[in-house]
Amino acid sequence: MSRLNRRNWLGLSLAGGMAGAAGCRPSALGGRSAGNRSARKMIILGFDGMDPDILASLMASGKMPAFRKLAGEGSFMRLATSLPPQSPVAWSNFITGMDSGGHGIFDFIHRNPTDYSPVFSASRVAGAAWTLPLGKYVLPLSGGHAELLRQGRAFWQVLEDCEVPATVVQIPANFPPAATRQRTLAGMGTPDILGTYGISHFYTTRPEDRPTDAGGGRIRGVRLSDRRIDTSIAGPVNPFLRQPEETSLPLRIFVDPVHPLAKIVLPDGELLLRQGEWSPWCRLRFPLIPTVSVSGICRFFLKEVHPHFQLYASAVHLDPADPALPLSTPAGYSRELEAALGPFFTKGLPADTMALSSGLLDEAQFLAQDDQVLEESLRLFEYERQRFRSGLWFHYFSSTDQRQHMFLRFFDPSQPGYDPALAARCRQVIEDIYRRMDQVLESALQQADRNTALLVLSDHGFREFRREFHLNSWLLQNGYMKLLDPRSQEEADSLRNTDWENTRAYALGFNGLYLNRRGREAAGIVAGGEESRELLELIRRDLESVKDPQTGEKVVRRVYAAAEAYHGPLAGGGPDLIVGYRRGYRSSAASSLGKLPKPLFTDNRDKWGGDHCMDPEEVPGILLSNRKIASPAPRLCDLTATILEYFGAPREPGMIGRSLLEN
Amino acid sequence: MFDFFFSPWQASDPWAGLTAAALTAALLTLLAYRLAGNPERIRSARNHILAHLLEVRLYRREPRTVLKVQGLLLAHTMRYLLGSLPPLLLLAGPLGVLLVQLDLRFSRLPLVPGTAALVKVRLESGALPGSLDAALHAGPGLLVETPPLRIDSEAEIDWRIRAVEAGIRTVEIRIGSEVEVKSVAVGLSGIPALPAERGKDTWTNRLFLPGESKLPAGSRLRSIEVVYPERTWQVFGLRMSWLSPFLLLLLLFTLLLRIPWRIEL
């Protein structure tokens, strides 16, 4: 009996009792029976960052026939994004039907109020709580674990209560995957094997040509001796050692004396690459102690052989065949996919945008990498499409987001550092990825029979990002923040130079601004009640009047008070103000990590020239459906309510959305 | 002979072939014990070992007795091994040949059309590949994707080929005026014999590199190897080489069949 059949059988046999016990009921849409409900299906395609203006323009010019067809059958609308419009927040809204006050994800970056340090918002990985020291080793007596910090139940967990099967592929903000019997595969937020959001290696015989810190890349200077290079590739920190140290694997490279060709020898295999080629996935097993190892996969790109050797190694992804951290539910689902399709990327946002920003890869090389990501996504898509028979199927694509981040700059001649020649070569990239997604939609349309509701959504749109605003520097200049040593303003990061006893407000993350509240922050000085309300109002007014001296434009469209914007018990744990920037502006990366450059504004000369961490009104997402949408202003959290109602599942406490489908 | 033996399982799951091989090896083992084993000595030694183990448990609070029993256990274990030595010696040859043949079939997978593989030519020591004229020509069904990569320190020349069409394909390697051929298996189903390496005509190569003609004695080439993908076997969700499941099955069949045949092991 196949897995799907077994699931269906379970669904049929348990539907009556379980569904009743869980509060599942026939849908309110025409009072359909439970039997009809079980025949209902839903396909949801998530195209990260797909922008309604770009989409509408391509649809109007006839380049998106499938989107046009879907819009003609049902609806095409702007979808209100989250506050702030960041993927972890937006997808959490969609997953739970709540806003940040309910699910607790406020930004890519949160702060630890006990020491003001920046932390990843979506997940936490902890080692074993109980250990036994044994010589130079430490034996864990309890298991370490990865913890999903998103609160609230996911819609597929609610559907599970009603025995509606669901397959959810690479949805963001779901690492480690929420506990369920449904098939889910983690997406954005899944770390690499080092536990980071992606650290690559770059081996070069000319390290002096490269910055020591190339974004997320480690530059390794290597020496070519007798046409051979001996180096290593870093793995995870070995938790079995009393003095934890990073594991590594030997990497030996042979170079041909004449041809632009190199052989890479790894402990588990070897490969031959020509200059300009990408390798297939290579499996790396990092030994921890005898009999225990951690398995990962990575790809190599041979950038140059002669005269200077340069080799790029991607971040080491968790191996879907043998993941060191939870990647899927059931645990065997990622193994099943790997067995059927071969190795595939598992790290969230796998295309290495930082390598493009820092010049480790150029535009064509980055695109080749993202093409591989896209091909693997399409293989996963096709695999699931062919076996989709019942329930809900969600499928996510990241390439729309990643390519707009890196290529939107070519549409904006006013972008600092705009290169017309390069723009001429790269302008087509965004149109191409939209058209590829049109083909994906066409496949989904073929799969959707009359019992299938088809939804297409994006979490946010995109705008050009020309100027960076240093929010912490602004707080300092306006007296809201004080430094311990004003002379070293630019040196310290993570707000380490902050005089907390005299600081009233600080910023961490891309849109968040916090009051230094007494009783909440470790060295808080701002009292609650009237004092904090007045301070918030003051900052809000001041921020909304900030103008860019270069352009004379206002920088901030609107500042939102968390207490007014968020609903739910966790609303007080996040930032107190959320800054909604006008198009073209965004908080600087430096400020978001607690740095304080001296100027208030700098030109964005990074290749990361498109963004969405602005005001939600600036960057709405898209919503298309083969059913008529009832609401004139749909929101992400409304989609959750829509899904549950469609399958007759009960709303979860705390959900704020409303169903969008017309009765 | 082995091709004939495995022919009934070519169309079925590889596990069927491995199970048949393990069953055959178990029958060989039991036959060897019946022909050359000393059942009296084996039974007596085994009974003594069992008795002494019980003695250790009974007298565990008397260290002197336990120590003495440990010595006796060692002595009877030696007796047991001596009793098993003649059948094991008898078995060593056929089982060795069988293991080499099983490795030929169960440790590697043929190339899948569309995938790449390395062809590695190792030269006799002292040869400098950088100074030699080396070329690889692919026959129908294969593509050569790279020029030669010459590694003087390893006396090795490598190429990358890509499989295009299923079948037994060949590559032709030319080093100076010498030309040699190596077979490449592409897209074959079942459990075909996959000789990965072609070496010189030595007794070790005859034993361990079966399946292809040997390189001439005066050749500058020491070996030609095609790096096939490893075939892994899933046992209770764990991936392993063929040897572990084979040994488990061999043990299981041997223990089960010794009962009706009344053979002392």
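- Inter-residue side-chain proximity for E156(B) and K263(A) is flagged as met; some heavy-atom pair is nearer than 4.5 Å.
- Distance check, rounded to the nearest 0.5 Å: CG of L261(A) to CZ of R160(B) gives 8.0 Å.
- The residue among S153(B), P148(B), G130(B) with the most heavy atom pairs within less than 4.5 Å of chain A is P148(B).
- Under the side-chain contact (heavy atoms from CB on, under 4.5 Å) rule, L272(A) has a single partner from V119(B), I161(B), T146(B), which is T146(B).
- Residue E124(B) places its CD atom among more than 12 non-hydrogen atoms of other residues, nucleotides or ligands, all under 6.0 Å distant.
- Listed for the R228(A) side chain is no donor-acceptor partner under 3.5 Å among the backbone atoms of I151(B).
- Looking at E277(A), only its side chain comes within 4.5 Å of chain B, counting heavy atoms on both sides.
- For the set A117(B), A116(B), P147(B), the entry with the most heavy-atom pairs within less than 4.5 Å of chain A is P147(B).
- Across all their heavy atoms, R150(B) and D256(A) have their closest contact at N-OD1, 2.8 Å.
- Heavy-atom distances place no part of E230(B) under 4.5 Å from chain A, backbone and side chain included.
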